[in-house]
There are 2 protein chains.
Amino acid sequence: MPKSNIPATAKNRYLEYLGRNGLKSTVQRDIIIGEFFKTRGHVSAEQLHTALRGIHSSIGLATVYRTLKILADAGLAHERRFDDGFTRYECCAPDDNHHDHIVCLSCGLVQEFENDEIEELQRTVAANHNFRMLKHKLEIYGLCKACDEKKK
Amino acid sequence: MPKSNIPATAKNRYLEYLGRNGLKSTVQRDIIIGEFFKTRGHVSAEQLHTALRGIHSSIGLATVYRTLKILADAGLAHERRFDDGFTRYECCAPDDNHHDHIVCLSCGLVQEFENDEIEELQRTVAANHNFRMLKHKLEIYGLCKACDEKKK
DNA sequence: TTCGCTGCAAACCATTTGCACCCAT
DNA sequence: ATGGGTGCAAATGGTTTGCAGCGAA
């Protein structure tokens, strides 16, 4: 696993998770995880698999799915489902704050934002409805500046 | 179409949409739409199809899907995709305000809420990121009071 | 008498899983 | 040598679509 891409804490957490669950370290997993942390974005299994096409074309799509699921279970990635039909994975640290997303409907650009006021208002809404809030997601969809200008 | 269930404005808008698009009124569509407006909730095609099982068991699931899509295109229903894998439809008037949803992860209860402060903050976020906002969705997931107490 | 509509079954498509073989421990 | 891992192909599951016959205008 090329250590350059992967934060040491993430690597440790991953290896620890494997050990704790009777799982094994393999070259395929190392390659996939290396690419995942290199990309750093919001990637789908398909995208990651395509990115590995050239050099590691023997790695199967199913293995990519399985490895991403392990990362999610280990707390190293978040599963994100936007409105485009497929699941993306985003690398994260276990102590990251919650954040939301703003997605360009034209080019697929995903940006993150945090807004404490909105978080607070959501807690209020949940309380007013007698709900115990367990998670929440806010997605803003639109056109990024570049795509918006292209369209004019 | 049993007029009791369907607001006159919705009925008119539906018939007008059919005419404008060279579509026809059929008994199956009337039955499906009647049931949809009777339910008034956030229903999936599957649920609606099941609800028609007893009396109208010959109506195919594909027709339910097709009819709900027409309602959405006519502006009489919103497609909603929460995190449970299937599409729900919610009846709406063309002049309804945007609203968001709070969903019980245990029993599936869906409630709606409006919050102008959150709406305003989202506009600000979009502006700060140089996005032209086209739509947005906010979903709060948790446990409703009944399910939360059941769990203790 | 047109076309659109319907039910059925097959197709879709992202994701998962069964299986026989492979490899880390 | 165990037993988990892998690639492949087949299965899944919600949704869509092709098609031959049906029905509204």
Side-chain angles (χ1 to χ4, degrees), chain A residues 1 14-36 42-53 55-74 77-89 108, chain B residues 1 14-36 42-53 55-74 77-89 108:
Chain A
M1 171 158 48
Y14 166 64
L15 294 173
E16 180 199 330
Y17 178 85
L18 292 186
R20 212 178 335 122
N21 292 81
L23 305 176
K24 290 173 181 168
S25 171
T26 70
V27 289
Q28 289 92 333
R29 286 180 181 167
D30 289 354
I31 291 167
I32 293 166
I33 295 173
E35 183 69 24
F36 174 67
H42 299 75
V43 243
S44 67
E46 191 75 48
Q47 288 174 318
L48 215 45
H49 185 239
T50 303
L52 297 173
R53 221 8 56 99
I55 317 185
H56 305 286
S57 59
S58 65
I59 293 183
L61 181 54
T63 301
V64 177
Y65 274 106
R66 288 187 274 232
T67 303
L68 288 173
K69 189 129 291 181
I70 289 177
L71 284 183
D73 290 343
H78 275 132
E79 283 191 344
R80 304 285 185 198
R81 253 174 290 271
F82 302 135
D83 273 356
D84 52 5
F86 48 88
T87 305
R88 299 169 189 227
Y89 288 82
Chain B
M1 172 156 48
Y14 166 66
L15 293 173
E16 180 199 330
Y17 178 85
L18 291 186
R20 210 177 338 119
N21 292 80
L23 304 177
K24 289 173 181 168
S25 171
T26 70
V27 289
Q28 290 92 332
R29 287 181 181 165
D30 289 354
I31 291 168
I32 293 166
I33 295 173
E35 182 68 26
F36 175 67
H42 299 74
V43 244
S44 67
E46 191 74 49
Q47 289 174 319
L48 215 44
H49 185 239
T50 303
L52 297 173
R53 210 35 29 111
I55 316 184
H56 305 287
S57 58
S58 65
I59 293 182
L61 180 55
T63 301
V64 177
Y65 274 106
R66 288 187 274 232
T67 304
L68 288 174
K69 189 129 293 181
I70 289 177
L71 284 183
D73 291 342
H78 275 132
E79 284 191 344
R80 303 287 184 196
R81 252 174 291 271
F82 301 134
D83 273 356
D84 52 4
F86 49 88
T87 305
R88 298 168 191 228
Y89 289 82

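Just so we're on the same page: letters track the sequence lines, and every chain starts at 1. Note that the structure is a prediction, hence the values are computed from the model and not measured.
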Taking [X] for the side chain and [Y] for the main chain, is one N or O donor matched with an acceptor at less than 3.5 Å?
X	Y	value
Gln47(A)	Ser44(A)	yes
Arg29(B)	Lys24(B)	yes
Arg20(A)	Leu15(A)	no
His49(B)	Ile59(B)	yes

Report the distance from atom [atom1] of [X] to atom [atom2] of [N], rounded to the nearest whole Å.
X	N	atom1	atom2	answer
Leu68(A)	dA14(C)	CG	C1'	13 Å
Glu46(B)	dT12(D)	CD	C1'	14 Å
Arg88(B)	dG14(D)	CZ	P	13 Å
Asp84(B)	dG13(D)	CG	C1'	13 Å
Ile32(A)	dT6(D)	CD1	P	7 Å
Tyr89(A)	dA14(C)	OH	P	14 Å
Glu79(A)	dT16(C)	CD	C1'	13 Å
Phe82(A)	dA14(C)	CZ	C1'	17 Å

**Q.** Heavy-atom closest contact (Leu68(B) atom, Ala45(B) atom, distance)
**A.**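 Between these two residues, the closest heavy atoms are CD1-CA, 3.8 Å.
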Q.
If you compare all heavy atoms of Tyr89(A) against all heavy atoms of Phe36(A), which two are closest, and at what distance to 0.1 Å?
A. O-CE1, 3.6 Å
Q: Just call it for Ser44(B): base, sugar-phosphate, or nothing, with non-hydrogen atoms closer than 4.0 Å on any strand.
A: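 Since no nucleic acid heavy atom lies under 4.0 Å of Ser44(B), the category is nothing.
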(Q) Tell me whether the side-chain N/O atoms of Tyr65(B) come closer than 4.0 Å to OP1 or OP2 in dT16(D). (A) no
(Q) On the nucleotide dT16(D), are OP1 or OP2 found under 4.0 Å from the side-chain N or O atoms that Lys69(B) carries? (A) yes
Q | Base-contact (B) and sugar-phosphate-only (S) positions in nucleotides 3-10 of chain C, heavy-atom cut-off under 4.0 Å, - elsewhere | A | BSSBBB--
Q.
Any carboxylate oxygen within less than 4.0 angstrom of a Lys/Arg side-chain nitrogen, looking at Glu79(A) and Lys69(A)?
A. yes
